[in-house]
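In the text below, chain A, chain B and the rest are named by the order of the sequence lines, each starting its count at 1.
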2 protein chains.
Amino acid sequence: MPKPVVPEERRRRRRPTRSGTVLSERLIVDTALRLLREHGSSGLTARRLGLALDCDPSTLYRYFRGMDDLTLAIGDALIGQALRGWAPTGRWRADLEAIGLRIHAAYVAHPQAALLTASRVTGRAHELAADEAVLDVLRRAGFPLPETVRIYHAFIDQTLAFAALDSASLALPTASQRADEDQWRSTYARLPRTTHPRIAEAAPLLARRMLTSAYPTALDMLLDSAATRLEQPG
Amino acid sequence: MPKPVVPEERRRRRRPTRSGTVLSERLIVDTALRLLREHGSSGLTARRLGLALDCDPSTLYRYFRGMDDLTLAIGDALIGQALRGWAPTGRWRADLEAIGLRIHAAYVAHPQAALLTASRVTGRAHELAADEAVLDVLRRAGFPLPETVRIYHAFIDQTLAFAALDSASLALPTASQRADEDQWRSTYARLPRTTHPRIAEAAPLLARRMLTSAYPTALDMLLDSAATRLEQPG
DNA sequence: CCCTTATGCCAACGCCATTGACCTTACGCC
DNA sequence: GGCGTAAGGTCAATGGCGTTGGCATAAGGG
């Protein structure tokens with residue numbers, strides 16, 4: 001049977017590690033984020049984390065049931081970070097845009113971590129707070145309940161989905177991340193007009209646009225559609 | 001130095017494995033897809049693949065440079081499957097809807113494999129064909145070139161992003177995949193009305209809707225926005 | 001101040017991908 | 001039809017991984 005994990009708020013004894021550092025959930029998560037940034041999305045290992053914290057890898061199991069549990073904690077930290085200090089303005093479209101862009105930005109700021117967590121539903125505190133905020137904005141805007149739920153679902157999943165996708169390309173090892181303008185040119189602009197005429201004519205525009213995230217555009221289009229329905233119900 | 005890999009079309013000798021089966025790229029990829037389905041997205045290992053094919057794990061390195069190379073081959077197979085047999089109807093909105101849903105469906109039909117490949121850009125033949133098709137539909141519909149590129153980018157990334165996200169939840173080990181209605185009830189419906197009033201009032205609707213993919217909704221909203229712009233340029 | 005037990009540490013297990021050396025047999029050539 | 005070559009299957013080994021059970025020790029409540 002696995003060792004029991006004591007929840008952070010119940011922790012009484014704080015016994016320092018042999019080298020003197022005192023562990024905590026917070027410290028572990030922060031260190032994990034650093035390792036992810038430094039060693040890539042597969043660079044977070046119990047052994048490495050133990051090395052970085054100067055403790056035995058097995059000690060981590062006093063704080064998390066396993067690496068997967070730690071992963072979820074990392075995800076919750078990202079969401080918490082995204083909404084810290086946010087407050088609604090009362091203008092529903094601006095508020096939703098802000099929430100979406102903030103969450104997306106928080107994930108993309110830690111692409112290696114986002115890759116591991118963006119598609120996990122944690123049900124933890126920060127995530128619930130974000131959901132409540134989105135629903136509240138929509139209800140106050142005047143959307144009926146079924147429409148609110150419909151839009152909420154599309155909104156939140158689209159945000160997380162783009163966060164994961166955009167993180168994936170950012171987290172690639174820099175060797176294969178020559179996905180800059182030159183890379184796009186060499187892949188798309190050299191296609192012969194005879195076989196791929198549409199790509200050929202669009203190549204310069206594509207080369208410029210594909211370097212950026214499509215999330216802001218997709219978000220605007222989603223909000224366009226919602227606004228139309230608010231004006232013309234049914 | 002790693003062993004050289006002979007491309008499939010150059011293969012001359014077909015030496016059977018000790019148990020008599022004759023290997024090929026095709027056979028390996030198909031077996032890999034089966035293993036992924038049976039053992040989950042982390043269940044594809046060289047050892048297991050060797051066991052299933054009745055060959056030594058190291059034999060696989062005669063066919064692929066490594067497991068990552070095999071992963072890309074799997075992704076290529078999925079894309080090919082998505083496009084097989086599609087033809088445009090001339091109605092732009094229906095065509096885009098069909099392309100999006102087909103790609104999304106092909107990935108989600110192999111969620112464990114999709115998880116590994118959906119966010120990898122290959123630039124290979126089938127992917128280029130899909131891009132050309134989307135651009136062609138938009139241009140024929142009458143969108144100006146910059147608008148075409150803008151919508152294309154949002155459309156294709158939205159499709160892939162949702163494919164990855166939806167695959168992720170489908171591919172979870174069945175133990176933690178109690179994300180059915182009961183799970184949603186226990187997570188969301190038990191939140192007190194005092195702290196999370198919006199979630200509380202929406203809980204029944206949420207429990208039903210969150211079980212399905214938000215992609216069709218998000219796709220419709222994107223196409224709504226595009227249609228509006230086509231009618232009212234600028 | 002003492003006892004309990006939380007918490008850190010150690011050693012070990014069974015996985016994993018990958019490699020280099022070896023061997024055997026299918027095939028192209030004469 | 002036989003033969004030499006090298007393609008391709010196999011073996012053994014390396015160093016990494018997550019995770020566990022047992023153990024020692026010191027923190028902190030009483």
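- Picking from dT10(D), dG8(C), dT19(D) the nucleotide with the shortest atom distance to the side chain of T59(B) gives dT10(D).
- To the nearest angstrom, C1' of dG9(D) lies 16 Å from CZ of F64(B).
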Would you mind building the protein contact string for nucleotides 24-30 of chain D? One character per nucleotide, 5' to 3', B for base within reach (heavy atoms under 4.0 Å), S for sugar-phosphate only, - for untouched.
BBBBS--
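- Scanning both residues, H110(B) and L33(B), for their nearest heavy atoms gives ND1-CD2, 4.0 Å.
- Contact check, R47(B) against dC16(C): a side-chain N or O comes under 4.0 Å of OP1 or OP2.
- Rounded to an integer number of Å, the gap from L27(A) CG to dG8(C) P is 11 Å.
- Side-chain polar atoms of S213(B) and D166(B) form a donor-acceptor pair below 3.5 angstrom.
- Between Y215(A) and H104(A), the ring planes lie parallel to each other; the angle is under 30°, not in the 30° to 60° tilted range.
- In this structure, I28(A) places its CD1 atom 12 Å from P of dT7(C), rounding to the nearest Å.
- At least one donor-acceptor pair closer than 3.5 Å links the side chain of S24(B) to the backbone N or O of L27(B).
- In this structure, OH of Y61(B) is placed 15 Å from C1' of dT10(D), rounded to the nearest angstrom.
- When rounded to the nearest whole Å, the span between CD of E25(A) and P of dT7(C) equals 12 Å.
- In this structure, the side chain of R209(A) does not engage the main chain of A214(A) through any donor-acceptor pair within 3.5 Å.
- Residues Y107(A) and T117(A) have side chains that never bring a donor and an acceptor to within less than 3.5 angstrom of each other.
- Listed nucleotides dT18(C), dC9(C), dC16(C) differ in distance to T45(B); the shortest reach to its side chain belongs to dC16(C).
- As rounded to whole Å, 13 Å separates atom C1' of dC9(C) from atom CG of D54(A).
- Between S58(A) and dT19(D) there is no side-chain polar atom (N or O) within less than 4.0 angstrom of OP1 or OP2.
- Backbone-only contact: Y63(A) has heavy atoms under 4.0 Å from sugar-phosphate atoms and none from a base.
- When heavy atoms are screened at a 4.0 angstrom cut-off, T17(A) is found touching the sugar-phosphate backbone but no base atom.
- As a whole-Å value, the separation of L49(A) CG from dC17(D) P is 11 Å.
- The CG atom of D56(B) sits 12 Å away from the C1' atom of dA17(C) (whole-angstrom rounding).
- Closest non-hydrogen pair, D69(A) versus R124(A), comes out as OD1-NH1, 4.0 Å.
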